[in-house]
Asks: 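Let me begin by handing over the structure; questions about it come next.
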2 protein chains.
Amino acid sequence: MDRSTSADECLVSSTLDIISGKWKMVILFHLMSEPNLRFTELMRRIPGITQRVLTKQLRELEQDDIIARTIYPEIPPRVEYAMTEYGQTLRPILEMMHHWGANHLHRSRARME
Amino acid sequence: MDRSTSADECLVSSTLDIISGKWKMVILFHLMSEPNLRFTELMRRIPGITQRVLTKQLRELEQDDIIARTIYPEIPPRVEYAMTEYGQTLRPILEMMHHWGANHLHRSRARME
DNA sequence: CTGGATCCTAAAAGATACTG
DNA sequence: CAGTATCTTTTAGGATCCAG
């Protein structure tokens, strides 16, 4: 064997770093099915999130080049968020997690009885 | 469209809940390549983790039926951890994250210059 | 050897009010 | 509309000591 394990750990964690955050997956899911959502539209689609937190998570995803922020200098201001091309590469992972999660919830319920 | 989005969010998050935790991926990666590791062996393979945290994350993974804990009533005590069959179903996701993460780190470095 | 029990800190998230 | 600025709460994680 080798010492590659510690490096490998980082590789997976680097993915996890990007999508973990209480609402990031939710945000990404919305932007996957609906490109170009405005700030307020995201707020409405994500009940429970606050402005401060939404802003923060959006900024982080933007930093990581997963989503893009487009500002239209109008009045009132309009800002749209969309997944980047790079962000799209996360799609298969998110879909697998979605699929696994569906089965997991199903299974959890079954295990409760 | 429909209102299924809010349910869908939970599905993905339910996967994320299970694998997020600073060291869970690391633990799972070790248990994937080496079935049946003892507590101390895990400690040695995961530099930086403390006993308390390792114990906690192992307990959570056990609760979720991702890993199994086997106690051998010997002196000194021996406890072995292994992935469950159900835990194995996470493997494709972890591998995709590993792959994505590798590319991501590569890309991040490129973007820095 | 495998943890449990305590205490502590840092970071994430939430509540709320305000603004160009 | 799309945030920022403060403040408070919650939670994860870490340090340390003790024990069957």
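All values reported here derive from a predicted model rather than from experimental measurement. Each chain gets a letter, A, B and so on, in the order the sequences are listed, and its residues count up from 1.
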Asks: What nucleotide, of D:dA2, C:dC1, D:dC17, holds the atom closest to the side chain of A:Phe39?
Replies: D:dA2

Asks: Identify the pairs formed between an N or O of the protein and an N or O of nucleotides 13-15 of chain D at a distance under 3.5 Å, and give each distance.
Replies:
from, atom 1, to, atom 2, distance (Å)
D:dG13, OP1, B:Lys22, N, 2.5
D:dG13, OP2, B:Gln57, NE2, 2.8
D:dG14, OP1, B:Lys22, NZ, 2.7
D:dG14, OP2, B:Trp23, NE1, 3.0
D:dG14, O6, B:Arg52, NE, 2.8
D:dG14, O6, B:Arg52, NH2, 3.3
D:dA15, N6, B:Arg52, NE, 3.3

Asks: A:Tyr81 near the nucleic acid: base, sugar-phosphate alone, or nothing, with a heavy-atom cut-off under 4.0 Å?
Replies: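 Sugar-phosphate, no base atom in range.
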
Asks: With salt bridge (charged side-chain N to carboxylate O under 4.0 Å, His left out) as the criterion, how do A:Arg45 and A:Glu34 come out once you've worked through the C-alpha distance, each side chain's angles and the decisive distance to 0.1 Å?
Replies: CA-CA 11 Å; A:Arg45 278 166 178 75; A:Glu34 298 181 276; 2.7 Å; yes

Asks: Measure the distance from CD on B:Glu74 to C1' on D:dG20 and round it to the nearest whole Å.
Replies: 15 Å

Asks: Under 6.0 Å between ring centres, would you say that holds for B:Tyr86 and A:Trp100?
Replies: yes

Asks: Taking for each residue the nucleotide of DNA chain D bearing the nearest heavy atom, is the 5' side occupied by A:Pro76 or by A:Thr55?
Replies: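 This one resolves to A:Pro76.
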
Asks: Would you say A:Arg69 places a side-chain N or O within less than 4.0 Å of OP1 or OP2 belonging to D:dG3?
Replies: yes

Asks: I'd like to know if the side chain of A:Thr15 reaches the main chain of B:Gly101, judged simply by a donor and an acceptor atom lying under 3.5 Å from each other, with no hydrogens or angles considered.
Replies: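 Answer holds: yes.
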
Asks: Answer yes or no: does atom CD of B:Glu85 have more than 12 heavy-atom neighbours from other residues, nucleotides or ligands under 6.0 Å?
Replies: no

Asks: Starting from P on C:dA12, measure out to CD1 on A:Ile27 and report it in whole angstrom.
Replies: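 A:Ile27 atom CD1 is separated from C:dA12 atom P by 15 Å.
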
Asks: Any sub-3.5 Å donor-acceptor pair from B:Glu41's side-chain atoms to B:Arg38's backbone N or O?
Replies: yes

Asks: Quick one: sort the B:Phe39 and B:Tyr81 rings into parallel, tilted or perpendicular, breaks at 30° and 60°.
Replies: tilted

